[in-house]
Amino acid sequence: MSASIKKYSVAIIGGGFSGLCLASMLGAKLKSNLLVLEGNKRVGKKILATGNGQGNITNKVISADYYHGDKDFASKAISRYTNTHLLDYFDKLGLLTDSIGQKIYPASFTAGSILDVLRFEIDKQGVDVKTEHYVTNVKKKDCFKIECNNGEAFFADKVVFAFGGKSGAGFLTDGKSYSLAENFGHTVTSLSPSLVQLKTEKEKIRGLKGVKQEANVSLYTDERFVASFAGDILFTDFGVSGNSIFSLSAYLKGLKNPNIKIEFLPTYLKEDLAQKLYQKCDSGFTYEQLLVSVIPTRLSLAVLKDCLLNPQDLAKKQKVEQITRSIKSFSLKVEGPCGFESSQVTAGGINTKEICSQTMQSKLVDGLYIIGEALNVDGDCGGYNLQWAFTTAQIAKDSILNG
Ligand SMILES: Cc1cc2nc3c(=O)[nH]c(=O)nc-3n(C[C@H](O)[C@H](O)[C@H](O)COP(=O)(O)OP(=O)(O)OC[C@H]3O[C@@H](n4cnc5c(N)ncnc54)[C@H](O)[C@@H]3O)c2cc1C
């Protein structure tokens, strides 16, 4: 390194939520000795897409139960810096927050507000942020040398990998950056898309594309119950989508013969629904007419097909039990998740056995830190992934400033 080339104290690779949180935390001390390298034209592009553009930043209920992958690692980290720390931190940055149910958002219900307060803080501190600098290689001799795709190189005493996972389209998070860690001997656990639509068997859902219903949806592996979520379910031509499905998808990894059972009309007890249908049978309805004003017509046709009943036949009381069972427990075989590009988060990542949970520092390379979604921890739907990115940034910040 020539004497004229500046060496930074810390370089953060990736200007997503974890990288920007860390930059805003370190900036007051390190100022222009802190470098953020982001491959995109702008930092924080993915933040703007979170929570359907509303930015579900954390949740009122946080525990390791809501995390997957290395749960023990997640538990140690999340019990140290949790939702109250995140809310205090963003309160100090000037972000007002509000909630819908357990989910916490900016009070503006605009994800851009999260990015704005982070960018404002980082700008104020004079942190050196370089966009359109995609890092292609990082080496270490006396210090770290970071090479970018535009031919530029930078030097730093400490490096933080905050390059995210393999999820989402158009965010530069395509999984290629794991190789930066692999070059230092780190390993990557098996990866799969999470918080994503599911592909299911097609015949039973034929004709249902576009039907959206409130439902309780439960996931099973063979006949063993795994998890259940309430929310909307949307039928597509390849399977199912919607809030309940996104939530369930976090529990899919590694399951044998996964299948879901959909409980339509969740506010009606099965017995009450059966009673209503028994009464309607007295009026000489066909099966199709029996279900009119109970569930959408296209769904009723799928239910009747499931029960092997002709919609035009006269409804018989002895079939009511079967119809009710199908409405309250409509089962579908799950073929698997949709692809990484449709998913919100990556299950799997850099092996956390190689990372110190007290510091987020690599156990293999002194001065190298790894934070956020890049690690082998992923959260449920509901603000758990931004919380994880914040938590790991906060732990790394403590170590970087004290180390
Ligand atoms: C559509 C969508 C909606 C979501 N909604 C929510 C939500 O409401 N709540 C929630 O908690 N979570 C949500 N998530 C998940 C959450 O956004 C991520 O888990 C979180 O942003 C991870 O933060 P990160 O900093 O680790 O990674 P990212 O935010 O993915 O940031 C990584 C950054 O690194 C950059 N980068 C990658 N490689 C390089 C390289 N080699 N050189 C330079 N730069 C590089 C990328 O361009 C990117 O800016 C959502 C995700 C998506 C896709």
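Counting starts at 1 for both ligands and their atoms, in listed order. Keep in mind that this is a model prediction, so the values were computed, not measured.
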| Residues which pass side chain to side chain donor-acceptor pair (under 3.5 Å) with Arg42, listed by chain and number, not counting sequence neighbours | none

| field | Glu38, Arg42, Gln344: member with heavy atom nearest to atom 51 (C) of ligand 1 | value | Gln344

| Under-4.0 Å heavy-atom contact with ligand 1, by part of Cys148 that carries it | neither

| What protein heavy atom sits nearest atom 13 (C) of ligand 1, and how far off is it? | Thr50 CG2, 3.9 Å

| query | Does ligand 1 have any atom that is closer than 4.0 Å to a heavy atom of Ala49? | reply | yes

| query | What part of Ser18, side chain from CB on, backbone N/CA/C/O, both or neither, has a heavy atom under 4.0 Å from ligand 1? | reply | both

| field | Step-by-step side chain to side chain contact (heavy atoms under 4.5 Å, CB included) determination, Val159 to Val10 | value | CA-CA 6 Å; Val159 161; Val10 178; over 6 Å; no

| task | Please report which non-hydrogen protein atom sits nearest to atom 46 (C) of ligand 1, along with the residue it belongs to and the distance in Å to one decimal place. | result | Phe171 O, 3.4 Å

| Between the candidates Leu20, Leu48, Val135, Val43, which shows the shortest non-hydrogen contact distance to atom 41 (N) of ligand 1? | Val135

| Protein contact to atom 34 (O) of ligand 1 [nearest heavy atom, distance to 0.1 Å] | Gly14 CA, 3.3 Å

| message | I'd like to know if Lys45 contacts ligand 1, where contact means a heavy-atom distance under 4.0 Å to any ligand atom. | response | no

| message | Tell me whether Lys6 forms a cation-pi arrangement with Phe155, defined as NZ or CZ under 6.0 Å from the six-membered ring centre and within 45 degrees of its axis. | response | no

| said: Nearest non-hydrogen contact with atom 40 (C) of ligand 1 belongs to which option: Phe390, Phe163, Tyr134? | reply: Tyr134

| Should the proximity of Thr173 to ligand 1, defined as any heavy atom under 4.0 Å, be assigned to the side chain, the backbone, both, or neither? | side chain

Residues 112-120, side-chain donor-acceptor partners within the protein, below 3.5 Å, at least two apart:
{"unit_1": "Ser113", "atom_1": "OG", "unit_2": "Ser108", "atom_2": "OG", "d": "2.6"}
{"unit_1": "Ser113", "atom_1": "OG", "unit_2": "Thr110", "atom_2": "O", "d": "3.3"}

| query | So is His133 in contact with ligand 1, going by heavy-atom distances below 4.0 Å? | reply | yes

| query | Side chains of Leu277 and Val294: closer than 4.5 Å at any heavy-atom pair? | reply | yes

| query | To the nearest 0.1 Å, how far is atom 18 (C) of ligand 1 from its closest protein heavy atom, and which atom is that? | reply | Glu373 OE1, 3.1 Å

| request: Using the ring of Phe330 (Phe, Tyr or Trp, six-membered ring only), decide whether Lys204 places NZ or CZ under 6.0 Å from its centre and within 45 degrees of its axis. | output: yes

| Note: Lys31-Asp128 ion pair, threshold 4.0 Å (strictly below) | no

